[in-house]
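Ligands are counted one by one from 1 in listed order, and the atoms in each one are counted from 1 as well.
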Amino acid sequence: MDIMEAIKQRRSIRSYKDDPVPVGLLDQVLEAGRLAPSSSNVQSWRFKVVTDKAAKGELRKAAMDQSFVEEAPAVIVACLDLDAFRERTRGIVELLKDEDGSVKDCDVAGLFALCDGPDEKRCLIHAFMNVSIAVENMVLTAVSLGLGTCWVRAFEPLKVAHALSLPPECPPAVLLPIGFPNQDPPARPRKEMHEIRI
Ligand SMILES: Cc1cc2nc3c(=O)[nH]c(=O)nc-3n(C[C@H](O)[C@H](O)[C@H](O)COP(=O)(O)O)c2cc1C
């Protein structure tokens, strides 16, 4: 599929068929994430694919009870990889760890507050940018394969981290439910070109 066609056809899908996502298609989606560009090529992302019903239920609870998070046959949890920035973010990772090694806090605001100086702040911003590019690569590839997705940012990161036993260096950034669409929503409005050009 032509890239512009995928961009135009994409919708946020919040209802999915029960059919599981074939492994081959899921692999192609993840491959599109793997190939994304990143600052200094740090590839500061990690992906966890969740298909287990109980785990998806926990994600739904963490995501303000958005039911489609549980109903989707799979959820790709896109995480930052703060270790990819090596010693520059090591301080943040240490502060994230509780005494027992589990995660203490990993909200965006919390993460930013933990940054010690502009270098760490820059790394964190890059980490979010990098994972976002990877996610949108996956979103558009999903469209080209007949799959639907929806970016989900309204969730409590600490709950997700605990539910999935994520390591402290990998705070969750985006939940991406994925499956065959069970709806065909109309395009949502966009600003006109003259409104966005400055
Ligand atoms: C960063 C980001 C976070 C979002 N978080 C949510 C979310 O938590 N729940 C949800 O239902 N949609 C979420 N969305 C989807 C937007 O609501 C949607 O993209 C927007 O309304 C435009 O609709 P469209 O994607 O169908 O074009 C999010 C989108 C982005 C890019």
> Without hydrogens or angle criteria, can the side chains of N130 and S44 be said to hold a donor-acceptor pair below 3.5 Å?
Replying inline: yes
>> I'd like to check the salt bridge (charged side-chain N to carboxylate O under 4.0 Å, His left out) partners of R34; sequence neighbours left out, ordered by chain and number.
In response: E31
Return all side-chain donor-acceptor pairs below 3.5 angstrom for residues 5-17, not counting sequence neighbours, or 'none' if the list is empty.
{"from": "E5", "atom 1": "OE2", "to": "Q9", "atom 2": "NE2", "distance (Å)": "3.4"}
{"from": "R11", "atom 1": "NE", "to": "P185", "atom 2": "O", "distance (Å)": "2.9"}
{"from": "R11", "atom 1": "NH1", "to": "K8", "atom 2": "O", "distance (Å)": "2.9"}
{"from": "R11", "atom 1": "NH1", "to": "Q9", "atom 2": "O", "distance (Å)": "3.4"}
{"from": "Y16", "atom 1": "OH", "to": "I13", "atom 2": "O", "distance (Å)": "2.6"}
{"from": "Y16", "atom 1": "OH", "to": "P177", "atom 2": "O", "distance (Å)": "3.4"}

In a table with atom names and distances, give each donor-acceptor pair under 3.5 Å that connects a side chain of residues 21-29 to protein atoms at least two apart or in another chain.
none

>> Heavy-atom contacts with ligand 1 below 4.0 Å: which residues, ordered by chain and residue number?
In response: R10, R11, S12, R14, Q66, F68, C150, W151, V152, R153, A154, R188, R190
> Charged N to carboxylate O under 4.0 angstrom, K53 versus E70?
Replying inline: yes
>> Surrounding CG of D18 (heavy atoms of other residues, nucleotides or ligands, distance under 6.0 Å), is the total greater than 12?
In response: no
